[in-house]
Novice: 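Starting off with a structure, shown below.
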Amino acid sequence: MAVVVRGGRVGSGGGSGIRSFFSYRIFISAMFTLLFLATLSVLFTSHPSHDEASMETTGNAYVKRTFLAWQSDPLKTRLDLIQNQANNHVALVNAYAAYARKLKLETSKQLKMFDDLANNFSELQLNPKYVTALFESSGPIDEDILKQFEKEVKDRVKVARLMIAESKESYDNQLKIQKLKDTIFAVKELLVKAKKNGAFTSLVSAKSTPKSLHCLAMRLVEERISHPEKYKDEKPKPEFEDPSLYHYAIFSDNVIAVSVVVNSVVKNADEPWKHVFHIVTDRMNFAATKVWFKMRPIQGGAHIEINAVDTFKFLTPSSTPVLRQLESPNLQKFYFETRAENTTKDMSNMKYRNPKYLSMLNHLRFYLPELYPKLHKILFLDDDVVVQKDLTALWKIDMDGKVNGAVETCFGSFRRFSEYLNFSHPLIKEKFNPRACAWAFGMNMFDLDAWRREKCTDQYHYWQNLNEDRTLWKLGTLPVGLLTFYSTTKSFDKAWHVLGLGINPSISMDEINKAAVIHFSGDMKPWLDIAMNHYKHLWTKYVDNEMEFLQMCNFGM
């Protein structure tokens, strides 16, 4: 049994090996047959049609022709290389021509040469002689014609390279300049945006009440409530109406700012007992102001009168345009509903959207003769000024019948009437000179007798009523002041009043030291964190640091 089985396995294995051997030979023979048939097919289809010849410059046709030429005729391979070189230089020439057009260079002659050169390459390849002999020929290529074609292509290539070499540096520089311009434009856009954001932030800071200032007011009011017996109202002093003394008007809701103005006047006065200060504040800060000057009496015997604006009963909406305009929904929306994205659209007018420009405290200066009917002259001071010299000489200046004595602020074409008023309005254009020099509010000597004679308050009412829709000027008190006191303002020497310490970092210390009054006009007030440090000490030197509430409220002077 075992032998039979082994014999059967041997026989079976031998037959299978023979069959596998013959199958392998048949498979190899079939593969060679298929390869032979494929080769014959390629040979019989190696001649391109007329349509194929016209597409030789395209990618697939070019590869096909090059492959076949390699198999058949070396001259055809050479022709393809020459044609490819020509086409490459055509593309290069066209690229430089496109750069020239894009950069708008003053190279119209070069541009024409590039265009002509590109056309010459194209015309050369379309020359009937070369098309017939080289591109459409089914037979062998004439080597002499090919050499002639090659020579003409190389001549054009040489010219193209020379032109490109001469133009490349110019075009590269122009591209660099263009990129530089694009970068500068982008940086300018960022700068404008940063300036707008910075101006808006500065405006918010200037309009806001610092925490320390709010704390001071609350401490003073708390003191008044805790010790009412110390702060009883006193009877008016006769000095308040004595025209032989030196009278000052200060209208402000900032307690510490008012105290600095008063201290700076008194400390630099030769005869401080002859100086009278008329302070008007709002109802909210009235008690705080009275407590401050009760706790810290003025030195040298100077006199101080403190009132709230609503003490003056003649100021009513029916008689006062500003109070009536405050009731207007449009003006309330303009001032009190201003959004950041709208405010920053017009940086030049941002400051005029401050509600303080429509507050009665700011417009109270136009009622000085009514506020102080027994006085002949009064010096108006803003709360952001510092007095550095004795000011009594101002009362001795001959006003020449003028109402307002002020320092003019114009220089060159700047700060003229045209900068503050709308001269496209026919009424403004008719009555005023756009080149007239503007002057400064902040230190103004007013002859109240001349004021009454010229009826300046009526003039103020007239213009303020006309500007309810803000078509004559953008807002603020200076434009209406320019109109009210037009032709009735006497120019003072510039040494009396130097402005801009809250906006201009370039004022020389020599100019500041010579000034009788320095003015922190601008948003960077000295009591704010955004104040300019190199000017701030001029203000802080007059701060009463012995006032206990300043230390408690962290003023950090």
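Side-chain atoms are counted along with the backbone in the values below, which use heavy atoms only and exclude waters and symmetry mates.
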Novice: Give, for atom NE2 of His363 and atom OH of Tyr460, the distance between the pair rounded to the nearest 0.5 Å.
Specialist: 5.0 Å
Novice: Please round to the nearest 0.5 Å and tell me the distance separating atom CE of Met552 and atom CE of Met218.
Specialist: 13.5 Å
Novice: Is it the case that Arg365 places NZ or CZ above or below the six-membered ring of Phe441, under 6.0 angstrom from the centre and within 45 degrees of the axis?
Specialist: yes
Novice: Verify side-chain contact (heavy atoms from CB on, under 4.5 Å) between Phe549 and Glu223, making sure each step is shown before the conclusion.
Specialist: CA-CA 10 Å; Phe549 294 150; Glu223 171 69 15; 4.1 Å; yes
Novice: Check whether any side-chain heavy atom of Leu427 lies under 4.5 Å from a side-chain heavy atom of Leu466, and answer yes or no.
Specialist: yes
Novice: Using a 3.5 Å distance criterion without hydrogens, assess whether the side chain of Thr489 forms a donor-acceptor pair with backbone atoms of Gly405.
Specialist: no
Novice: Kindly assign one of parallel, tilted or perpendicular to the pair His497 and His519, based on the angle between their ring planes and the thresholds 30° and 60°.
Specialist: parallel
Novice: Just by distance, with hydrogens left out, do Asn254 and Ser252 show a side-chain donor and acceptor under 3.5 Å apart?
Specialist: no
Novice: Of all residues at least two apart in sequence or in a different chain, which pass the disulfide (SG to SG under 2.5 Å) check with Cys215?
Specialist: Cys553
Novice: Whether the side chain of Thr311 engages the backbone of Asn307 through a donor-acceptor N/O pair (distance < 3.5 Å, no angle test) should be reported.
Specialist: no
Novice: Assign the ring pair Trp451 / Phe485 to parallel, tilted or perpendicular, where the plane angle (0 to 90°) is split at 30° and 60°.
Specialist: perpendicular
Novice: Decide ring pair (Phe, Tyr, Trp, His ring centres under 6.0 Å) for His461 and Tyr367; before the verdict, give the C-alpha distance in whole Å, the side-chain angles of both, and the deciding distance to 0.1 Å.
Specialist: CA-CA 10 Å; His461 284 169; Tyr367 296 95; 5.5 Å; yes
Novice: Main chain of Pro297, side chain of Gln299: is a donor-acceptor contact present, judged purely on distance under 3.5 Å?
Specialist: yes
Novice: Anything under 30° is parallel, anything over 60° is perpendicular, the rest tilted; go ahead and classify Phe312 against Tyr372.
Specialist: perpendicular
Novice: Rounded to the nearest 0.5 Å, how far apart are CG of Leu538 and CE of Met532?
Specialist: 12.5 Å
Novice: If you round to the nearest 0.5 Å, how far is CZ of Phe251 from CG of Asp253?
Specialist: 13.0 Å
Novice: Could you measure the distance from the CG atom of Asp449 to the CE atom of Met399? Nearest 0.5 Å is fine.
Specialist: 11.0 Å
Novice: Would Asp233 and Lys290 pass as an ion pair if we require N to O under 4.0 Å?
Specialist: yes
Novice: Roughly how far apart are Thr484 OG1 and Asn404 CG, rounded to 0.5 Å?
Specialist: 10.0 Å
Novice: Just by distance, with hydrogens left out, do Tyr246 and Asp390 show a side-chain donor and acceptor under 3.5 Å apart?
Specialist: no
Novice: Could you tell me which residues satisfy ring pair (Phe, Tyr, Trp, His ring centres under 6.0 Å) with Phe411, sequence neighbours excluded, listed by chain and number?
Specialist: Phe414
Novice: Can you check whether Arg452's main-chain N or O pairs, donor with acceptor, with Lys455's side chain at less than 3.5 Å?
Specialist: no
Novice: Donor-acceptor check, side chain of Tyr535 to backbone of Pro526, threshold 3.5 angstrom: yes or no?
Specialist: no
Novice: Could you work out, with side-chain contact (heavy atoms from CB on, under 4.5 Å) as the rule, every residue matching Asp493, not counting sequence neighbours?
Specialist: Ala495, Trp496
Novice: Using the rule given for side chain to side chain donor-acceptor pair (under 3.5 Å), can you reason through Asp510 versus Asn513, listing the C-alpha separation, both sets of side-chain angles and the distance that settles it, and then say yes or no?
Specialist: CA-CA 5 Å; Asp510 286 342; Asn513 292 332; 4.9 Å; no
Novice: Given the rule in the ring pair (Phe, Tyr, Trp, His ring centres under 6.0 Å) test, do Tyr248 and Trp395 qualify, once you have shown the distances and angles that lead to the verdict?
Specialist: CA-CA 11 Å; Tyr248 301 82; Trp395 277 264; 5.2 Å; yes
Novice: Would you call the rings of His278 and Phe240 parallel, tilted or perpendicular, taking 30° and 60° as the class edges?
Specialist: perpendicular
Novice: Given 3.5 Å as the limit, does a donor-acceptor pair link the side chain of Ser521 with the main chain of Gly502, or not?
Specialist: no
Novice: Can you tell whether the side chains of Arg296 and Asp544 come within less than 4.0 Å, N to carboxylate O?
Specialist: yes
Novice: Aromatic contact between Trp463 and Phe432, with the criterion being ring centroids under 6.0 Å apart: yes or no?
Specialist: yes
Novice: Say whether, by atom type as modelled, one donor and one acceptor occur between the side chain of Ser508 and the main chain of Glu511 under 3.5 angstrom.
Specialist: yes
Novice: Ignoring hydrogens and angles, state whether a donor on the side chain of Gln464 or Gln325 is under 3.5 Å from an acceptor on the partner side chain.
Specialist: yes
Novice: Looking at Lys294 and Glu234, does any basic side-chain N land under 4.0 Å from a carboxylate oxygen?
Specialist: yes
Novice: So Trp439 and Leu478, do their side chains get closer than 4.5 Å, heavy atoms only?
Specialist: yes
Novice: Under 4.0 Å between a side-chain nitrogen and a carboxylate oxygen: does that hold for Glu419 and Arg416?
Specialist: no
